[in-house]
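These notes are about the structure you will find just below.
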Amino acid sequence: MKKLIVILMALIAYSTQALADKVSFTASAPDVVVVGDQFRLSYTVTTQKVKDFQASSIKGFDVLMGPSRSQQSSTQIMNGNVTSTSSITFTYILMANTAGEYTIPGASIVADGNQMVSNSVKVKVLPQDQASNGGQSDGSSSARSSSSGTSVSNQDLFITATASKTNVYEQEAFVLTYKIYTREHDLQLNNAKLPDFKGFHSQEIEMTTNARWTQEHYKGRNYNTTIYRQFVLFPQQSGKLFIEPAQFQMTVGKAIQSDDPFDAFFNGGSNVVRVQKSIVTPKIAINVNPLPAGKPASFSGGVGEFNISSSINSKELKTNDAITIKLVISGTGNLKLISNPEIKFPDDFEVYDPKVDNQVRLTQEGLTGNKVIEYLAIPRHAGNYKIPGVSFSYFDIRSKSYKTLKTEDYVINVEKGAGNADQVIANFTNKEDLKVLGEDIRYIKQNEVTLQPKGSFFYGSVTYWLFYIIPALAFIIFFIVYRKQAAANANVAKMKTKKANKVATKRMKLAGKLLSENKKDAFYDEVLKALWGYISDKLSIPVSRLSKDNIEEKLRNHGVSEELIKEFLNALNDCEFARFAPGDENQAMDKVYSSSIEVISRMENSIKH
């Protein structure tokens, strides 16, 4: 028995080790560094049975130390499952010497008897900041003065609006990017007003939930940067079009130097002042060239690079059977804006509206993917028919000329059907959901016939009067129920007002739990629900109609002070835009949580009914 237990334990340990023995060998280093910076280059292998580690020559950097070797191992037991992990890391300390982009090749190692090669890593080296360079004394002194004061200069924080192309054709896609450049660390975006892109068809490129900050060298200085919003624009008319300026309101926390300890006390426990900064991007001019003359007759409005293909479901069929031809336009450009090509079916075919399916994704070159168009028709007479191919013309961006593509012709053979009159075409187009064909002549019914006595009439009968009495009774009942429901709704609104604080407190408790679990996105969503839901219930305003402007007016009408209204709006702004701040996330979440609880409590005591 003891031997059997030992064997089972050995098998479990072996299987666990086999799962953990999926060995990997990876290299890692920072994406961006500055000339003169020291950084780590690490090679990690997920096993401790290694030998013959060899790194390739590292060019473009000084090797200050390495390789140093460190070992890590851990064992976890969860629900009876044993998992073990172990690894060895080889670390170099490097220093960047010259600006540029460098690729550090992978290293090699023998792990568990197998030869392995790690991935290569790319490191971008930025030049030194001119503001910190002794040779640039004038620029550095001005930068230091602006940084040390209680204002934020246009060199320390700005937002750019750039177009990937400024000279385009009608319907040619280009990308508009709004990018934040900052040398400050405590940054909040309070409000943003983007232009309406008049004259353009716009589609926004979906961004990740959390802004990704990187370093970038711009006009002699190094900045923390992130892309705020990106749009793909399609100009709808020729001529000189303008993208109007965007307006941003931001708040920057700036450290101040003071020997007075009361300054820190009255600034929330730290020597930091909040500085408001307004930013306006420049107007961008886009020169839109008209499409050249001589458009082909089959031009469908496509601008980009496209292909077209066709297919048919059957070439042998019977009368009243459905035939389907599918066209697929694929490529990159203004796919959704292309008109449907026309298929010329024979005259005695019954033709339905085409069904269109756009299978596209948005890229920086425009819409990429397929536009699938299905045409359905029904032949009514037997015979041989030819369906000519489709001509599709578009304007090619690369060659700056029109191109015409043609699909193949189809010859179909239609035989006389069996004469079934109950053939159904369903759920293809919006022409009819259900169509019954061939029922122009109906047979005589032979069921039993119910006869009425001579002289009997429907007018004046009991059934006749019931047709009047029943709707009248139904209307009276409906009116009574409606009045009761209206009264009940009024009571519900009153109850919501009374329970607003209780509901908000429950949501803030859930937000506190999410804060302790460090679930950033869920935390901010729950705090926003608590703030907006509280003011919605308290003021009896539907959430869909809430805005910062109308709640400000409503709060004044309820006797709330201007100071408390401003604190409530600031709590909303801090919660909505804290995720853009590149500083300490936990500190920002703690601040949002405490300020939201305080402002709800004060609002409960202040609103007058």
Side-chain angles (χ1 to χ4, degrees), residues 5-126 208 210 212-216 222 224 516-520 582 584-586:
I5 294 174
V6 170
I7 293 173
L8 287 174
M9 292 180 64
L11 288 174
I12 293 173
Y14 177 80
S15 61
T16 303
Q17 186 65 30
L19 291 174
D21 280 348
K22 191 176 181 180
V23 179
S24 63
F25 184 38
T26 57
S28 61
D31 295 331
V32 181
V33 296
V34 179
V35 170
D37 283 355
Q38 298 180 16
F39 63 96
R40 293 175 181 270
L41 169 65
S42 300
Y43 298 93
T44 302
V45 58
T46 56
T47 182
Q48 295 191 0
K49 300 176 182 178
V50 300
K51 63 179 181 178
D52 298 339
F53 170 78
Q54 291 183 351
S56 303
S57 60
I58 303 173
K59 297 180 180 179
F61 304 96
D62 286 342
V63 180
L64 304 182
M65 189 188 76
S68 61
R69 172 171 169 161
S70 61
Q71 298 182 1
Q72 304 84 28
S73 61
S74 64
T75 301
Q76 292 182 344
I77 302 176
M78 294 183 64
N79 299 326
N81 296 323
V82 181
T83 56
S84 299
T85 58
S86 61
S87 63
I88 295 179
T89 301
F90 299 88
T91 304
Y92 291 87
I93 304 296
L94 307 181
M95 185 172 72
N97 290 327
T98 308
E101 295 187 7
Y102 300 90
T103 300
I104 302 175
S108 63
I109 198 171
V110 177
D112 287 350
N114 298 318
Q115 184 76 29
M116 302 184 71
V117 178
S118 74
N119 59 293
S120 60
V121 293
K122 292 184 178 181
V123 180
K124 185 176 182 179
V125 181
L126 303 180
T208 56
N210 295 323
R212 183 176 181 269
W213 292 87
T214 60
Q215 281 189 296
E216 184 178 326
N222 294 327
N224 290 321
S516 62
E517 295 173 356
N518 200 26
K519 295 181 179 179
K520 179 181 178 182
D584 187 353
E585 292 183 355
N586 291 331

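Model, not experiment: these values are computed from the prediction.
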Would you say the side chain of Ser86 lies within less than 4.5 Å of the side chain of Gln71, judging by non-hydrogen atoms?
no
Please report the closest heavy-atom contact between Val23 and Ala111, naming both atoms and the distance.
CG1-CB, 4.1 Å
Less than 4.5 Å apart, any side-chain heavy atom of Leu41 and any of Val121?
yes
Flag side-chain contact, heavy atom, 4.5 Å: Ile58 against Tyr102
no
Phe53 versus Ile88: any side-chain heavy-atom pair under 4.5 Å?
no
Identify each donor-acceptor pair in which a side-chain atom of residues 92-100 lies under 3.5 Å from a protein atom, sequence neighbours left out, and give them as a table.
from: Asn97; atom 1: ND2; to: Asp62; atom 2: OD1; distance (Å): 2.9
from: Asn97; atom 1: ND2; to: Asp62; atom 2: OD2; distance (Å): 3.0

Can you list every side-chain hydrogen bond (donor to acceptor under 3.5 Å, both in side chains) pair that touches residues 35-45, not counting sequence neighbours?
Thr44-Thr89
Shortest non-hydrogen contact from Ser120 toward Pro105:
CB-CA, 4.0 Å
So, Gln72 and Ser70: side-chain donor and acceptor under 3.5 Å apart, yes or no?
yes
Rounded distance [0.5 Å steps], OG1 in Thr91 versus CE in Met65:
7.0 Å
Kindly say whether Ala27 contributes a backbone atom to a donor-acceptor pair with the side chain of Asn119 at under 3.5 angstrom?
yes
Hey, what do you get for CD1 (Ile104) to NZ (Lys122), rounding to the nearest 0.5 Å?
12.5 Å
Nearest 0.5 Å, what's the NZ-CG distance between Lys124 and Asp31?
10.5 Å
Report yes if the side chains of Val110 and Met116 come closer than 4.5 Å at any heavy-atom pair, otherwise no.
no
Search all heavy atoms of Ala55 against all heavy atoms of Ala107 and return the closest pair with its distance.
CA-CB, 3.8 Å
Find the distance between NZ (Lys22) and OG1 (Thr47) and round it off to the nearest 0.5 Å.
15.0 Å
Please tell me if the side chains of Val50 and Arg69 come closer than 4.5 Å, counting only heavy atoms from C-beta onward.
yes
